[in-house]
Every structure is written in C-alpha cells, then in structure tokens.
Amino acid sequence: MTSKASSGCMILWHKLSEKRCPQQTKPPSIASRFYFVRTDNRSNKTSYVEDFPESEKQEPASYPSAQAREAAHEQNESTDVEQRLPHFRILWVAARKNIVIQVIYLELVLNANMPVHLVKEVNGVPEVQLPSYLEEVDFRTLQLGCDYTNKFIQGTVSLIYSLTQLGDGTAFLKIILQEKEKFHPEINTINILFFGNLAEQCAKIMHQGDTIVVTGFVLEETSSSSKHGKNCLQLKMSPNESTAYVYVKCDTVISEEPICLSVTPKYTYTPLNQLKHGSIVNVYGAVKFFKPPYRSRGTDYCSVVSIMDQSNAKLTCMLFSVNLDTLPVIYKIGDIVRFHRLKIQQYKNEIQGVTTVGFSSLTFEGTLGTPVIPRTSSKIYTFTTDDQKAVEALRIWAANHISSSGALVKLSDIKAVQYFDLTCELVGKAEVDGSSVLLKVWDGTKPPFPSWKVLFEDGSLEGDADRINQLQHLTVDILVYDNHVALAKSLEIGTFLRIYSLHTKIHPNSKKQSNIPHLEFHLHGGTCYGRGIKVLPENNCDVEELKRFLDSVDLAEYQQLENVCDLDYNISNSYSSQDFVSPCDLERCQQLSATVLTDHQYLETTPLSAILKRDAPQQYRIRAKLRNYEPQKLYQSVKLHCPKCHSLQEVPHESDLELLLQEAATEQSDPKLQNTSLYDSEVWTTQNQQERKIVIHFVKHDGILHAPEDTLIMIEGGILSEIYQLSKKFKGVIPVKSSQEDLIVLDLAVPFLIQGKTWHYGCKQCSKLKTMQNLNSLVKEASWTPVCIAQALGIVPLQYVFVMTFTLDDGTGTLKVYLMDCENFFQIPASEILNSDDLQKNMEMIMYMLCPPGKKIGEYPWLECFIKSYNVRNEVEQEICYRIFDTVVAEDLI
DNA sequence: TTAGGTTTGG
C-alpha cells in the first residue's frame with residue numbers, strides 16, 4: 001500500500017467508523033478499483049467487500065435502477081468527501097432491508113499523476129508519512145538550476161490569491177508560503193505559482209493557514225525585484241511534474257449526526273418559524289443584522305447574527321467561539337448563512353439560537369448571480385446540490401425582503417449627521433491617545449465637506465507619507481475608540497476594510513473658523529448596531545470593484561477643485577485649521593450667503609426694522625439669519641396645494657389610503673367594461689382573502705401592448721401593497737372602479753395616478769371628473785405625464801409643496817416669513833421627499849446647516865432672500881404677511 | 001461565562 005493510496009483511504013475509513021462502530025473492523029487494503037462498503041444496520045457492522053458477491057449481483061431487482069443510481073450519484077456528487085478529496089467518488093448507495101452497500105470508486109487516489117493529496121492530521125500528527133525518498137530543504141538553500149524532483153519544502157499558506165486564467169486559458173493560482181519557524185526565527189516567505197488543474201484543485205482545497213508540502217517544483221527568478229532591491233525566487237508547480245500535499249486537521253471533526261445510511265449525513269433544515277425551545281437544529285437564513293466578531297468579556301469571541309428565511313420569521317443568534325475563524329464570515333446584510341447544530345433556547349419570551357458543541361457555519365455572498373462559494377474555515381463540510389438550491393432560493397427571497405439601505409454608502413454620498421457602513425482602503429494610521437486610534441481611509445470619492453483633521457504627535461503616523469499627502473483631499477480621518485482600538489492597531493496599511501456604523505457629524509468649531517463645515521468621523525466604543533471593523537479579503541467582490549474604481553481616480557482633477565475658503569485642506573496634517581484662517585479670510589467666508597437670489601440682484605438690502613414699519617404690498621431684498629423654523633418635523637411641512645382654489649390640504653396618511661382601497665376592493669368590477677379598444681383586461685382571484693377579484697386594464701398604444709415600463713395600467717380591486725408593487729413595474733397606475741358606462745377614477749381621496757415614487761392627487765373641489773375612455777386622446781402619443789392624464793380626466797392636480805415659517809433675524813429686528821415651495825428653494829422636489837430616505841437626509845442636512853442646533857446666532861450662516869409683503873384680512877383685522885420668492889439654497893449646501 | 005441587536009464622549 002503506498003502512502004498516496006492510504007491518505008485518502010484513511011479519511012474515508014475514519015468517516016465511516018466514527019459514525020458507527022469505531023473499533024469494529026479495520027479497513028481493507030485498497031486497490032485502484034471499485035470499492036464496496038457493506039453495512040448491516042441491525043448489528044451496526046461495517047464490512048469491506050473484496051469483490052462484489054456473485055449472489056448479490058444475481059438479484060438485480062434489489063439494486064437501484066439506473067435512474068436511482070444517477071440520483072444517488074448526484075446526491076453525493078459534491079459531498080464533503082469529494083470536495084476535500086476529489087479523488088473519491090461515491091458512485092451509488094444501495095439499501096436493501098437492513099443492508100446498505102456503498103460503491104466508491106477510488107481511481108484518483110491511486111493515480112500516480114494525482115497532483116494534490118490531502119493528508120489527515122490528528123492532533124498535529126499526520127496519519128500518513130511522506131514518501132521516504134523525499135528530502136526536505138529550507139527556503140534559504142534554494143538555488144536556481146537545481147533539480148527538486150525528490151526534494152520538498154514545507155510551510156504555512158499565508159496568502160492565497162484569486163484563481164485566474166492566463167492568456168492561453170490555463171488556470172493559474174498564486175499563493176504565498178511562509179516557512180516553518182524551525183529554520184529561521186524571522187519570517188521567510190516564498191511565492192508559489194500553480195498551473196492547470198493543479199491550480200484549480202489547490203484553489204478548491206487550500207485555505208489560508210494550511211500546512212502544505214510541495215515537491216517536484218521548478219525554481220525561477222521573479223520578474224520584479226523585492227522591496228529591498230534583491231531579486232526574489234519563486235516556485236513553479238505544473239500538474240505533470242509537481243505534487244502538493246495539503247495537511248488537514250481533523251481533530252474537530254466529530255460527527256454528532258444520527259446514524260444514517262450513507263457516507264454523507266443528510267442534513268435537514270428547520271424553517272425559522274418552526275424552531276422549538278430546547279432543540280438543536282440546522283438552519284439556513286439571510287442575514288438581517290450582524291455584529292462582526294468581537295472579544296467578549298468571557299473567554300470567547302462573540303458575534304450576534306439575526307437571520308430570516310422565507311417563513312418571514314427572524315432568529316437572533318448568539319455565536320461564541322474561542323477561535324475567531326469558526327464564527328461565520330459575514331461581510332454584509334443579505335449574506336446567506338447555514339448553521340449546523342445551533343441550539344434553540346428561550347430568552348425574555350423569545351427564542352434565540354446559541355452555539356453548541358460541533359457548531360459550524362457556512363456563509364455565502366447574498367448577491368444574486370454571484371458564484372455560490374461557501375466562506376468557512378472548516379476543512380470538511382457537506383455541500384450538496386440541495387444546499388446550492390437553498391442558497392439560491394434564499395438569495396431571491398432576501399433580494400425582495402431584506403433591505404440593505406444605509407449600508408455601503410460612498411463618502412461622496414454622506415450626510416452631515418449619519419451612521420453608515422463604509423468600504424474603504426486604509427492609507428494611514430496613528431495612535432492619538434490611549435483610548436483612540438486614527439485611521440486615514442479613502443474610497444475614491446470626495447466627501448461633500450472636508451474631513452476634520454485629527455491632531456497627532458509628529459512621527460506617530462504610519463503609512464506612506466507621499467501617498468497620504470497625494471490623497472489628502474480624498475481621505476477622511478476616522479477616530480476609533482475603546483474596544484475597537486486593539487483591532488485598529490493591528491490593521492495593516494493597504495488593507496481593505498469595512499467599517500460598520502461609522503458616525504459622521506459636523507465639527508462644532510469648523511463653521512466658526514471658516515464657514516465651511518468639516519465632518520468628523522467616529523467609530524464609537526461598544527458594538528451597538530453592529531459597530532466594528534472587518535478586514536475584507538482581496539477577492540471579495542466589493543473590494544475588487546473598489547480597487548478598480550480607485551485605480552480609475554484622477555487625482556490631479558481633485559487637486560484643482562479646492563475651494564478658496566477651504567484653507568485647511570491645504571495645510572499640514574499636523575495642525576488644526578484654526579491657527580491658519582486669517583481674520584481676512586474668515587470675514588470673506590462669512591460674507592457668503594447660504595442662499596442665492598435667482599433674480600432682483602439689483603435691489604439693495606433693506607433692514608428688517610425698516611420693513612416692519614412699511615405697508616404692503618412691497619418687495620424687498622433682505623439679509624438675515626434663520627433664528628427658527630416651523631414645523632421642525634419635515635413630514636409636517638409637506639402639503640398638497642391646489643393652484644386653482646389655493647386650498648392647502650394634508651398629504652393623506654398611508655393607513656387612510658389602505659382603508660379606502662380595501663373598502664373599494666369589495667366593489668364588483670363590471671365585466672362589460674373589460675377589454676375595450678383602449679385596454680386589455682386581466683382578472684385575478686386572490687386566495688385566502690374571500691376570493692377578492694383584482695382586475696388590471698393594460699392601456700394599449702396604437703392598439704398593441706408595450707413593455708411594462710412604457711405601459712399605463714388601471715386597477716380595480718387592488719389594495720395598497722399591490723398598487724405599490726405594480727407602480728414599480730409599470731409606467732403609471734390609475735386606481736379605478738366600474739360605473740354604469742365606463743371606468744372612472746376611484747375616489748380623489750386616493751391618488752388618481754401613481755408614477756414611480758410619486759403619488760398624484762387631484763383637487764376635490766376643482767376637478768370635474770371625466771371617464772377613462774377620455775384617455776384615448778393621449779394614446780397616440782402615449783403622453784402619460786401626470787399633467788396630460790389629469791387634463792384628460794378633468795382633474796385639477798394638486799402640487800406637493802413645502803410650507804414652512806421662517807423666523808428671520810438681521811440684528812435690527814425679526815420677521816416671520818412663509819415659504820411655500822415645490823422644489824426650487826431646497827432644490828428637492830416636495831413630491832418625492834416623503835418616499836425617499838435620501839432626500840429626507842438632504843433636507844435635514846440643509847436645515848441643520850441653515851439653523852445649526854446648539855449654536856449662538858452669531859455662528860449661523862447669513863441668508864440672502866427676496867421677500868414680498870401682502871395683506872391678509874380676516875373677520876377681525878388686517879395683517880401683513882411675508883413670503884420668500886426667487887431664492888434658492890446655495891449649491892454647496894446641497 | 002461571554003451577550004441577549006437598538007448608536008452619539010471623545
């Protein structure tokens with residue numbers, strides 16, 4: 001028996017015996033051929049059959065059909081045995097009464113050309129010795145031109161690059177091998193290049209940290225020289241000449257599975273809504289929330305992971321491990337995880353999952369369409385086609401049910417006050433004091449405001465000074481505190497990071513000093529909201545994308561775009577800007593207004609005290625500060641305005657719409673009104689909802705139906721969520737009902753048209769409704785704009801407006817002025833803001849800038865406004881009111 | 001054992 005043969009055999013043998021009867025029988029000697037394992041389920045005895053018994057062969061009926069064999073084959077095709085030991089193939093499993101026969105083909109194990117071997121290592125002792133003719137050499141003695149056919153080197157895999165293809169299509173894999181310490185105390189590494197199927201197999205099998213032995217390599221000089229100017233050597237491994245031995249630690253592989261009839265245990269997965277307190281289960285889930293692993297106060301690392309599945313149930317899991325590597329490698333919300341042997345327990349009336357003996361996990365990228373490759377430190381794991389399907393199904397579900405908004409924000413998109421996840425490259429690092437570390441990072445985009453520069457002692461900044469200087473306008477300074485400090489200190493310059501729940505806020509003094517707000521970046525202490533840092537591997541798809549983007553950044557372009565006021569952008573990192581802004585610059589900056597007039601610039605500024613003494617109507621140019629504004633809650637400032645009768649009304653609340661639509665859904669659709677020359681109609685009957693009928697009328701264009709995104713639809717019997725879904729797909733949705741002769745608008749209390757995120761309402765008083773056939777006038781041009789549709793249907797559309805009261809103060813007096821604005825003043829459409837988190841954040845930031853909370857009014861920015869006065873008469877008295885016109889918020893504030 | 005998702009001091 002050769003060592004090559006026995007390595008594979010031993011693993012198989014142990015897997016079988018561990019599950020059943022450890023000391024019962026010895027494995028037979030193995031030859032390169034079919035190999036039969038017979039298990040008697042009654043006595044739990046496993047035996048090895050030298051050849052298949054003639055008697056058994058003569059009972060074809062008792063053996064699986066060709067189809068069943070294929071199924072068995074497929075089921076086992078990507079088992080752990082095969083993934084880690086590609087030279088095994090379980091061809092089929094036959095079960096008859098209590099006898100189970102497994103047929104395993106061992107061809108590759110004995111194939112002399114087999115380029116990769118797995119060597120099982122129990123408690124650090126390899127179960128199989130290397131061939132005795134092989135002689136170990138250390139890295140330093142390697143010399144060009146020597147024959148290394150019978151020599152080997154051994155080391156630890158410290159880095160594995162992505163598997164790639166060379167120009168001619170040959171697979172190529174590069175790894176860095178670190179020499180065992182026994183030769184030299186200092187770290188000594190060498191690059192190893194694998195080619196062809198050897199590269200492919202190594203990419204599958206090897207993991208960072210593995211001990212490997214390589215033999216039969218060719219030594220060559222690297223094309224580039226090392227950091228120290230010396231030429232370096234690298235090893236080339238080709239499939240026909242070279243062999244790699246990968247040592248697999250099997251100490252932790254203790255199967256706790258119930259006895260099962262095939263080599264690979266068949267795992268069952270419990271849906272998250274069926275978990276029972278006290279059980280130990282296997283589950284799949286999409287990550288809804290996670291805390292990257294951190295050191296607990298106890299002995300272990302901890303990671304909190306909340307997952308959801310198609311049952312819509314959520315399970316929060318407390319995962320502990322002394323070994324950081326065995327916790328799931330989650331990079332973002334939406335990743336898919338598989339947990340084995342998770343214990344379910346109760347805590348505060350809710351169930352939770354906890355790690356238990358033998359817990360293991362696989363993590364998969366959650367993005368649809370990316371390869372299904374498990375992230376795990378586990379050497380041996382099962383992965384079947386069923387698993388593949390489970391991951392793919394969860395990806396689809398998660399794409400529709402798990403929102404990752406807020407995550408993965410670019411620096412250019414950040415708002416004044418925000419928590420977000422940042423993917424970036426580390427370019428500099430400095431210890432600021434005992435409790436915080438400064439990280440200088442960039443993501444290739446320019447933040448809307450300069451980063452506040454953190455002070456640190458000379459000489460404490462780690463990183464390439466030239467590069468830090470070159471990127472100074474694009475890097476941000478992040479202060480990392482408390483429990484994150486240890487990890488931050490260990491980070492290497494040049495690594496790619498994801499920083500979770502990073503906090504930005506405006507530096508309190510920055511505006512006073514330069515009128516340009518500066519952003520502070522903090523990773524506060526604690527682990528709330530998943531706060532933490534994770535190093536992303538080079539082959540992570542987000543990192544690959546970021547690298548491509550960083551490479552494309554034109555640094556020269558950024559350097560020309562610096563603002564005159566932004567003096568501290570150009571000063572040394574080691575000083576605070578306050579020492580450098582001269583009084584003259586400060587004055588110049590403070591004279592700039594946070595708002596801009598779009599007309600009437602010829603007018604001279606009038607003090608508020610003078611305006612207060614005059615009659616209306618008048619027009620004025622003023623210069624004042626925003627002392628206060630109302631309403632403070634943004635959603636309260638958005639109203640619907642009728643341009644005809646000038647009435648103002650509240651935007652209907654979603655719950656009111658829901659009720660109205662539900663009520664309308666009980667009305668019957670008239671079949672006579674379906675399928676006309678204007679539209680084609682489809683009727684659906686819902687299940688479990690008293691068989692509600694939904695009718696959708698697809699409006700045709702030139703007599704034919706077009707793509708959904710170009711098609712207007714009308715809906716009868718739809719509820720809010722359905723209309724919401726349909727509006728994402730179709731050009732526009734009109735809720736309608738059947739009347740005697742034609743379809744008509746459902747009710748002006750609900751939108752007459754839903755287009756994208758905008759819900760269009762009509763004025764009840766001013767509209768004179770016409771029926772849907774009037775849309776015929778628009779069909780030829782397919783002019784499905786809200787204005788055209790409203791006109792055709794006799795509707796006076798309501799405008800979304802911001803209605804606010806500003807209290808302005810210029811030092812001579814205060815004046816309350818109204819702002820009623822669709823989209824000009826803030827440059828944000830009022831019609832879209834209620835459905836857009838981003839726009840709401842923009843608006844918040846603008847208000848924060850115009851009227852900074854916690855500041856003295858002297859520190860507020862100036863606002864140049866154009867206002868007009870007018871008389872308002874009520875029953876008792878006449879009053880002068882003021883409104884802002886022709887004024888917009890300055891672009892650099894948006 | 002640890003943590004038990006729910007931000008902000010620097």
Side-chain angles (χ1 to χ4, degrees), chain A residues 272 275 277 285-308 313-324 326-328 330 332-333 335 337 342-357 359 402-404 406-407 409 414-422 430-439 451-456 477-485 488 499-510 518-533 576 841 844 848 852-854:
Chain A
L272 298 180
L275 299 171
H277 166 56
V287 175
K288 173 86 173 62
F289 167 84
F290 72 105
K291 290 185 175 186
Y294 59 94
R295 266 216 174 281
S296 74
R297 286 177 219 273
T299 54
D300 296 350
Y301 285 94
C302 174
S303 180
V304 178
V305 182
S306 290
I307 56 172
M308 293 185 79
K314 191 177 83 172
L315 178 73
T316 299
C317 304
M318 307 290 124
L319 309 178
F320 298 101
S321 172
V322 265
N323 183 359
L324 190 63
T326 62
L327 290 171
I330 299 166
K332 60 182 175 193
I333 307 288
D335 278 355
V337 290
L342 183 74
K343 189 172 151 195
I344 303 302
Q345 63 182 30
Q346 201 135 12
Y347 176 75
K348 286 188 178 168
N349 287 330
E350 284 204 355
I351 54 159
Q352 61 174 203
V354 205
T355 39
T356 182
V357 181
F359 170 84
I402 291 192
S403 147
S404 57
V409 170
I414 54 174
K415 306 293 179 291
V417 184
Q418 195 178 2
Y419 289 90
F420 66 106
D421 298 345
L422 178 68
E431 282 188 43
V432 179
D433 55 46
S435 69
S436 62
V437 168
L438 160 68
L439 300 180
S451 165
W452 185 256
K453 298 296 176 192
V454 173
L455 295 164
F456 48 83
D477 280 13
I478 298 174
L479 272 170
V480 173
Y481 300 98
D482 307 337
N483 53 319
H484 311 296
V485 163
I499 304 178
Y500 301 93
S501 203
L502 183 58
H503 181 203
T504 58
K505 59 177 184 177
I506 299 283
H507 188 280
N509 291 325
S510 59
H518 283 60
L519 287 171
E520 292 179 13
F521 294 81
H522 301 273
L523 184 71
H524 296 290
T527 62
C528 283
Y529 274 87
R531 243 185 250 145
I533 303 176
S576 144
K841 280 187 184 142
E844 268 170 30
Y848 187 93

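Order of the sequence lines sets the chain letters (A, B, ...), proteins ahead of strands, with each chain counted from 1.
- For the atom pair OG of A/S435 and CG of A/N483, the computed distance is 11.5 Å after rounding to the nearest 0.5 Å.
- A cation-pi arrangement is absent between A/R531 and A/Y500, since the terminal nitrogen or guanidinium carbon is not both under 6.0 Å from the aromatic centre and inside a 45° cone about the axis.
- Of all nucleotides listed (B/dT1, B/dT6, B/dG10), B/dT6 comes nearest to the side chain of A/K291.
- Applying the 5.5 angstrom centroid cut-off and the 30 degree plane-angle cut-off, the aromatic ring of A/Y481 is stacked upon the base of B/dG10.
- Of all nucleotides listed (B/dA3, B/dT7, B/dG5), B/dT7 comes nearest to the side chain of A/S501.
- Remark: ring of A/F320 not stacked against base of B/dT1; the cut-offs of centroid gap under 5.5 Å and plane tilt under 30° are not jointly satisfied.
- Taking the six-membered ring where tryptophan is involved, the planes of A/Y419 and A/H503 are essentially parallel, since the angle between them stays under 30° and well short of 60°.
- Out of B/dT2, B/dT7, B/dG4, the shortest distance to the side chain of A/M318 is found at B/dG4.
- Residue A/D482 is in base contact, counting any heavy-atom pair closer than 4.0 Å across all strands shown.
- Both A/H522 and A/D300 lie close to DNA chain B; mapped to their nearest nucleotides by heavy-atom distance, the more 5′-ward contact belongs to A/D300.
- Put simply, A/K314 has no side-chain N or O that comes within less than 4.0 Å of OP1 or OP2 on B/dG5.
- Residue contacts for A/G525: at a heavy-atom cut-off of 4.0 Å it reaches a base atom on one of the strands shown.
- Look at A/Y347 and you won't find any side-chain N or O under 4.0 angstrom from OP1 or OP2 of B/dG4.
- In this structure, of B/dG5, B/dA3, B/dT7, it is B/dG5 that holds the atom nearest to the side chain of A/F289.
- For the pair A/H507 (side chain) and A/H518 (backbone), a donor-acceptor distance under 3.5 Å is absent.
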**Message:** For A/F320 and A/F359: C-alpha separation, side-chain torsions, deciding distance, then whether ring-ring contact (aromatic ring centres under 6.0 Å, His included) applies.
**Reply:** CA-CA 10 Å; A/F320 298 101; A/F359 170 84; over 10 Å; no
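- Remark: A/K505 is in phosphate contact with B/dG10, judged by side-chain N or O atoms under 4.0 Å from OP1 or OP2.
- Nucleic acid contact for A/Q345: base, since at least one base atom lies under 4.0 Å from a heavy atom of the residue.
- Residue A/S436 is classed as having no contact, given no heavy-atom separation below 4.0 Å to the nucleic acid.
- Using a 4.0 Å heavy-atom distance criterion, A/Y294 is classed as a sugar-phosphate-only contact.
- Listed candidates were B/dG4, B/dT2, B/dT7. Nearest to the side chain of A/Y529 is B/dT7.
- Between the side chain of A/T316 and the base of B/dG4 there is no donor-acceptor pair of N/O atoms closer than 3.5 Å.
- Within the 4.0 Å cut-off from OP1 or OP2 of B/dT1, not a single side-chain nitrogen or oxygen of A/R297 is found.
- Of the C1' atoms belonging to B/dT8 and B/dG4, the separation is 22 Å, rounded to the nearest Å.
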